[in-house]
Amino acid sequence: MKTKLNQILIEVADQLKQQGVIPADQDVKVQVDPTRDKAHGDFATNLAMTLAKPAGLPPRELAAKIIALLPAQSVITKVEMAGPGFINFFVDDQAKFAVVQQVLQQKNQFGQNGAGQGRSVLVEYVSANPTGPLHVGHGRGAAYGASLVNLLGFAGFDVTAEYYVNDAGRQMDILATSVWLRYLEICGEQFPFPSNGYKGDYIYAIARQLFDQHGDALRKPAFEVFAGAFPDEGQDGGDKEKHIDALIERAKALLGGVDFEQVFSLAIKDILTDIEEDLSEFGVKFNNWFSERSLMHTGVVDAALEKLQQADKIYEKNGALWFRSTEYGDEKDRVVVRDNGLKTYFASDIAYHFNKLERGYETIIDIWGSDHHGYIPRVKAAMQAMETNPDALQVLLVQFAILYRGGERAQMSTRSGQFVTLRELREEVGTDAARFFYVARKSEQHMDFDLDLAKSQSNDNPVYYIQYAHARICSVLGQLAEKGYALDEAMGLANLDQLSTEHEVDLATKLAQFPDLIGRAALAYEPHQIAYYLKELAHGLHSYYNSEHFIVEQAELRNARMVLILAVQQVLQNGLAIIGVTAPEKM
RNA sequence: GCGCCCGUAGCUCAACUGGAUAGAGCAUCGCCCUUCUAAGGCGAGGGUUACAGGUUCGAGUCCUGUCGGGCGCACCA
């Protein structure tokens, strides 16, 4: 309907050009919007207002000309001029119910929208370092990313979801060393645990596995491990960073490359398995788990650096190699190879983003925590220097969820082991409520997450409102049989003209908006729009339920009402599937 | 100090991307279960959209400045 009006108005604008009312070279942007207020009809256009100036006419006068040029349309019952120059269109109520048949035909495909035009998109999200379990901070990115992936797919994009595994670098060495130290404790060694090591309980669990597999074989005396190591923080002249680096070095030396690698692999495998399981239970799944180490080992990073070097975008200073990112608007140049010969995370990231485009994706979307925003210019700079289009990269920032517990801000730190895990959250408030809570907010909106409230008010969570609407419909359909009726879809569809109440018209109108909503939400990367839409649709259903009895004696009306609520049920399912929430049949 | 994000009802958030009288939920106060699930419905109160200018037919939305909050500004990842 909306697109049809759009076309008609474009034709009208052409006629206005021919008549010389507006300049022939005038750029016309036709905009048709569903109205907010029913008194304004079903759709409205501001065309007369935007063209008033080039036409040199008052908006209302131009609106009158436009209305005069409109061809007669059977489904449009009324066209009127309103306010400062809006043109309002009133759609015939009966025509609105056509959507019911569409929904029942297209089923779980209703709402699919060609907005994506089959463009291939790679969405990379979560990508938390595998140094510990996911915490509630990761939850938002996970829920947002997964919903976005579903939404883009539904809107006709060819989507791939990827998790970038940062399995290289110093943090991983710290992890492996932490595990090994806990293992030594299990073996019976005694020593002060480094203040910069990972202290969470999960480290013990991995260490225990290590012990079960290897017994004492990897044990070294504590005094050897700590011999000559730089003092830890809190000691005279101590430094926690230098201390842990020294311990890493000792661990590698004492264990040897092969055994250290064993500890390393066990730790990372264990944590990644846990993360994958955790996410999967949260309804978050990935097509690829892309390893940073694989980039290193296959020489992709070196190749990327070489390419930059040949383009003269790299220079040496103070023993390190620097990328000239300032040439592309970054604040300062960035190190890609440190003076100790190790490549930085940024170096892998250059290679990684280049690799993403090489794999043929037209658009690559990175979902990052807002604390990484300062990182965007350098990645875009690298893409330019690699002679790829920096606009192919869309970085979507997700603001932090600020956690409150008992009215106090709860601080999170993976290192200290004090955090609320995503798993704990799911157990406390449930996966559905958690998914909904996260995704019902605009991603760039700062968000307060009161854990006590989430827990105590879990029954007040709006997600249940939507699920309840779905369960209610299922319940009504169940009642049909109990009352000795059979559902007759064909009769219902043939008698849609029996539907006439305001609630019925409203529901049909709402259903018809779904496909358009999908396209708009997808192009704006805003899955929260789906959540709000579903709330409104559920509200329509609940109102209807309270004002009208569905299971009536008269068969035509009864079946017409049944197909209407069947359509609502279907759209609730389709919408909930996008935001990763289940549609229960009973509550 | 510089940069990015944000500021909307008592609280948590929307506002179709510049449209008409800024809307929901929670909380507060009234009603509605002998009828398909009351985890629901109907209604009331609650707003100078942080503040001050500007742009235009029209601003919560765009531009400038001020105030307030979050986050960055590494040879960490």
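Throughout, a chain's letter reflects where its sequence line sits, starting with A, and its residues are numbered from 1. Excluded from the calculations below are hydrogen atoms, water molecules and symmetry mates; all remaining heavy atoms, backbone and side chain alike, are included.
- For A/S370 and B/rG72, the shortest distance from a side-chain N or O to OP1 or OP2 is not below 4.0 Å.
- Side-chain nitrogen and oxygen atoms of A/Q445 include at least one within less than 4.0 Å of the OP1 or OP2 phosphate oxygen of B/rA14.
- Backbone-only engagement by A/M447 is indicated by non-hydrogen atom pairs under 4.0 Å involving sugar-phosphate atoms exclusively.
- By the criterion of a centre-to-centre distance under 5.5 Å and near-parallel planes under 30°, the ring of A/Y545 forms no stack with the base of B/rG41.
- Between B/rU48 and B/rC42, the distance separating the two P atoms is 27 Å to the nearest Å.
- Counting distance only, with no hydrogens placed and no angle test, the side-chain atoms of A/N88 and the base atoms of B/rA20 include a donor-acceptor pair under 3.5 Å.
- One can place OH of A/Y464 at 21 Å from C1' of B/rG41, the figure rounded to the nearest angstrom.
- The same atom, C1', is picked in B/rU12 and in B/rU8; the two are 12 Å apart, to the nearest Å.
- The shortest distance between the side-chain N/O atoms of A/R36 and the OP1/OP2 oxygens of B/rA20 is below 4.0 Å.
- Taking every heavy atom of both residues into account, A/I579 and A/P527 meet most closely at CG2-O, 4.2 Å.
- For B/rA15, one of the phosphate oxygens OP1 or OP2 lies less than 4.0 angstrom from a side-chain nitrogen or oxygen of A/K442.
- Following rounding to the nearest Å, A/Q529 (CD) and B/rA14 (P) show an atom-to-atom distance of 11 Å.
- Put simply, A/K53 has a side-chain N or O that comes within less than 4.0 Å of OP1 or OP2 on B/rC57.
- Stacking between A/H372 and B/rA77 is present: the aromatic ring centre lies within less than 5.5 angstrom of the base six-membered ring centre, and the two planes differ by under 30 degrees.
- Nearest-nucleotide positions on RNA chain B for A/N340 and A/P34 put A/P34 closer to the 5' end.
- Here B/rA77 presents its P atom at 9 Å from OH of A/Y375, a figure rounded to the nearest Å.
- The two residues A/S370 and A/Q399 make their nearest non-hydrogen contact at OG-OE1, 3.4 Å.
- In this structure, A/H446 atom NE2 and B/rG7 atom P are separated by 8 Å, rounded to whole Å.
- Sparse packing is recorded around CD of A/E502, with 12 or fewer heavy atoms of other residues, nucleotides or ligands lying under 6.0 Å away.
- Sequence order on RNA chain B of the closest nucleotides to A/A524 and A/Y345 puts A/A524 first from the 5' end.
- Under a cut-off of 6.0 angstrom, the local environment of CD in A/E80 is crowded, with over 12 non-hydrogen atoms contributed by other residues, nucleotides or ligands.
- Residues A/P390 and A/K380 approach most closely at O-NZ, 3.2 Å, considering heavy atoms.
- Taking each heavy atom of A/H243 and A/F230 in turn, the nearest pair found is ND1-O, 2.6 Å.
- For a distance-only test at 3.5 Å, the side chain of A/H528 fails to qualify as a donor-acceptor partner of the base of B/rC13.
- Within the 4.0 Å cut-off from OP1 or OP2 of B/rG41, at least one side-chain nitrogen or oxygen of A/Y465 is found.
- An OP1 or OP2 oxygen of B/rA38 is reached within less than 4.0 angstrom by a side-chain nitrogen or oxygen of A/R472.
- Not a single donor-acceptor pair, N or O on each side, falls under 3.5 Å between the base of B/rG72 and the side chain of A/D371.
- Remark: P of B/rC16 and CG of A/L534 are 18 Å apart, rounded to the nearest angstrom.
- Listed pair A/H470 / B/rG40 fails the phosphate criterion, with no side-chain N or O lying under 4.0 Å from OP1 or OP2.
- Evaluation of A/H542 against the base of B/rG41 yields no stacking contact (centre distance < 5.5 Å, interplanar angle < 30° required).
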